[in-house]
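Proteins come first, then strands; the chains are lettered A, B, ... in the order of their sequence lines, and each starts at number 1.
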Amino acid sequence: MQPAKAETSQTATKDMKDIVALCKRRGFVFPASDIYGGINGFWDYGPLGVELKNNLRDLWWRRMVTCPPIGPDGHPVQIVGVDSAIIQNPKAWVASGHVGGFSDPMVDCRETKLRYREDKLKAMTVVDKKGDNFYIAFDEDADQEIIQKRLKKLGIAYEANAPMGAFEKMYKDVPNFLEKVIGPDASKVGTLTPPKQFNLMFQTYVGATADEDSKAYLRPETAQGIFLNYKNVLDSSRVKIPFGIAQIGKAFRNEVNPRNFIFRSREFEQMELEWFCHKDDAAKWQKFWFEERKKFWKDLGLSDENLQMRNHDSDELSHYAKAGLGTADIEYKFPFTAPGFGELEGIAHRCDFDLTQHQQHSGEKMEYIDPDDPKNRYIPHVIEPAAGLTRGVLALLCEAFTPDPNRPSGVYLNFHPKIAPKKAAILPLMAKDGHPEKAEKLYMELREEFPVDLDIKQNIGKRYARQDEIGTPFCFTIDNDTMNDDTVTVRERNTMAQERISMSKVAEYLRTKMKV
RNA sequence: GCGGGUGUAGCUUAGUGGUAAAGCUCCAGCCUUCCAAGCUGGCUAUGAGGGUUCGAUUCCCUUCACCCGCUCCA
């Protein structure tokens, strides 16, 4: 079909470079510490970026907490919010598995440029012609067949009884081990680097002394702040299973390699819901939230074409999701992932992993007591729709970015009016003949209800172009006719079409458009 | 973290071992009855640090940031 084809080619012209440049030029996103040359993995949100981000954040909160969706039983589901501390007792991160899971030592291969987790490797001891030992490293999953094939390729006779040991242990025990070992995919000895620690949690010290006892972590996810408060919320807010606790906030991960603008940064924002339900209902609720969340992103203007739903393969599941129903991702086709997709939100079945862990580590009972049957006590299961707020902002920016050679700006941002940083601009056609005064009158009328711009300087074309670039959906223009009959023209961003409406109807006009 | 590439004004580009140039944007003013028009004026740059040199934006080293590929993304 022709139109679809045209749309695809337009999508293909979206270039991250142009999007990043527009973000900086118009004040959406700046490199953090720009005047000092930036800092890898950190970004600042400018005057328009913070509006956009706040709009997305507020819409999520409204959709989840203030006005939660209607459940399968026809009644609104029950969700309350929290805002927990970024720094918590470090024991919380031991219980959650982050302190262990985040500090795996890694080994690099200089020959193949591949990287391995040290604890996932094993090594075989082989004797060469001179009678000296050397070693061949394998992936821990390598079976007999793989091992035989590899040995054949390396020209080494296979010996069924050749000793095989954990890489970790042999690195410690065998002198100059690295000089004598062939990497899992290498052809020569001595290409592996010493194991290096990659701790993905940011560390700090609480209090004046910087010693082991005062060590603390910046949270790598907002979810744990919810689990930590599960009991407090249950005891204070009369919620009953099934119910949810929501949180929006910053999280920090010392990523090895931040990439792709704000997609993977070291400081980012999450919007997470932990939905507590009975184990037997987990499947039902995961489906419910998956549909609900998909609808959310579509309602904000992300197109079907750019959205994809994908279930995690079993080998990519997180430690907490392995035993359950798995994780379903909502993915977006970012310009830098296209034709592939990148994660926007994950809907995970965390089972009872987190509450059980906290119960064990803290000694506090995390059981829920069924009010209808007090003998029925259980640790609820959790369905977690966890979305990236800053990733959402990026998706909205990428979706909105629309090159258009037919207009002066060459590009416009096609934001839904609900998320546009500015809802309208009021533009007197000329800076004389009473136009500015009329414009200011309209501006004063609208400003209390809508974020609007009043722009008087320069010719009208430049002003339309500027509003196109920041994604303002409507421009109200005051001209000589306004002086006579109090009507203004509405210029619609996407079509550039104009219609004339009464000045007194402008607020109502905007109100209507906000709902669509 | 590895390999490759790139860093000159807000943007796009020029140029040189010896005063860093232009277009657009932006700002001010004039003009202007609807899409970056015109005229006048203005602000703003060699990513940072070090070395060689009488003199470095240019050559060398280090570093930082960004882009691409790998890796990583619990």
Heavy atoms under 4.0 Å, any strand shown: does [X] hit a base, just sugar-phosphate, or nothing?
| X | value |
| --- | --- |
| A:Q467 | nothing |
| A:F263 | nothing |
| A:R407 | nothing |

Residue [X], side-chain atoms from C-beta onward, closest of [options]:
| X | options | value |
| --- | --- | --- |
| A:W43 | B:rA36, B:rA74, B:rC66 | B:rC66 |
| A:E469 | B:rA36, B:rA74, B:rC34 | B:rA36 |
| A:R491 | B:rA74, B:rC70, B:rC35 | B:rC35 |
| A:K462 | B:rU25, B:rC34, B:rG3 | B:rU25 |
| A:T489 | B:rG3, B:rU25, B:rC34 | B:rC34 |
| A:Q458 | B:rG69, B:rC35, B:rC27 | B:rC27 |
| A:M430 | B:rU32, B:rA65, B:rA36 | B:rU32 |
| A:Y464 | B:rC68, B:rC35, B:rC11 | B:rC35 |
| A:R259 | B:rC11, B:rU32, B:rC68 | B:rC68 |

To the nearest angstrom, how far is [X] atom [atom1] from [N] atom [atom2]?
| X | N | atom1 | atom2 | answer |
| --- | --- | --- | --- | --- |
| A:R463 | B:rC35 | CZ | C1' | 11 Å |
| A:D404 | B:rA36 | CG | P | 13 Å |
| A:K24 | B:rA9 | NZ | P | 9 Å |
| A:L429 | B:rC31 | CG | C1' | 13 Å |
| A:F42 | B:rC64 | CZ | P | 15 Å |
| A:D15 | B:rC66 | CG | P | 17 Å |
| A:I35 | B:rG10 | CD1 | P | 13 Å |
| A:L427 | B:rU32 | CG | C1' | 15 Å |

If we only count heavy atoms from C-beta on, is the A:C398 to A:Y332 side-chain gap below 4.5 Å?
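Side-chain contact under 4.5 Å: yes.
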Base of [N], side chain of [X] - is there a donor-acceptor contact under 3.5 Å?
| X | N | value |
| --- | --- | --- |
| A:Q498 | B:rC34 | yes |
| A:R26 | B:rG10 | no |
| A:N459 | B:rA37 | yes |

So what's [N] paired with, Watson-Crick or G-U wobble, going by both distances under 3.5 Å?
| N | result |
| --- | --- |
| B:rA56 | none |
| B:rA28 | B:rU40 |
| B:rU16 | none |
| B:rG3 | B:rC68 |

Can you tell me how the ring of [X] sits relative to the ring of [Y], calling it parallel under 30°, perpendicular over 60° and tilted otherwise?
| X | Y | answer |
| --- | --- | --- |
| A:F227 | A:F276 | perpendicular |
| A:H381 | A:H349 | tilted |
| A:W93 | A:H98 | perpendicular |
| A:F202 | A:F252 | perpendicular |

Given the [atom1] atoms of [N] and [M], what is the spacing between them in whole Å?
| N | M | atom1 | result |
| --- | --- | --- | --- |
| B:rG41 | B:rC24 | P | 14 Å |
| B:rA45 | B:rG49 | P | 15 Å |
| B:rC27 | B:rC61 | P | 43 Å |
| B:rC39 | B:rU32 | P | 16 Å |
| B:rU44 | B:rA20 | C1' | 13 Å |
| B:rC68 | B:rU16 | C1' | 31 Å |
| B:rU19 | B:rU25 | C1' | 26 Å |
| B:rG17 | B:rA28 | P | 40 Å |

So does [X] get a side-chain nitrogen or oxygen closer than 4.0 Å to the phosphate oxygens (OP1/OP2) of [N]?
| X | N | value |
| --- | --- | --- |
| A:K457 | B:rG29 | yes |
| A:R466 | B:rC26 | yes |
| A:K432 | B:rU32 | yes |

Would you please say whether a donor-acceptor pair under 3.5 Å links the side chains of A:E272 and A:T222?
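Yes, because at least one side-chain N or O of A:E272 sits under 3.5 Å from a partner of the opposite role on A:T222.
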A:H312 and A:D329: side chain donor to acceptor below 3.5 Å
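Result is yes, a qualifying pair exists.
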More 5' along RNA chain B: A:H435 or A:G410, using each one's nearest nucleotide?
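With A:H435 and A:G410 compared, the 5'-side residue is A:H435.
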Between A:F336 and A:E343, who's closer to the 5' end of RNA chain B by nearest nucleotide?
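Final value for this comparison: A:F336.
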Verdict with reasoning, A:Y412 to A:F401, per ring pair (Phe, Tyr, Trp, His ring centres under 6.0 Å)
CA-CA 6 Å; A:Y412 66 101; A:F401 188 86; 9.4 Å; no
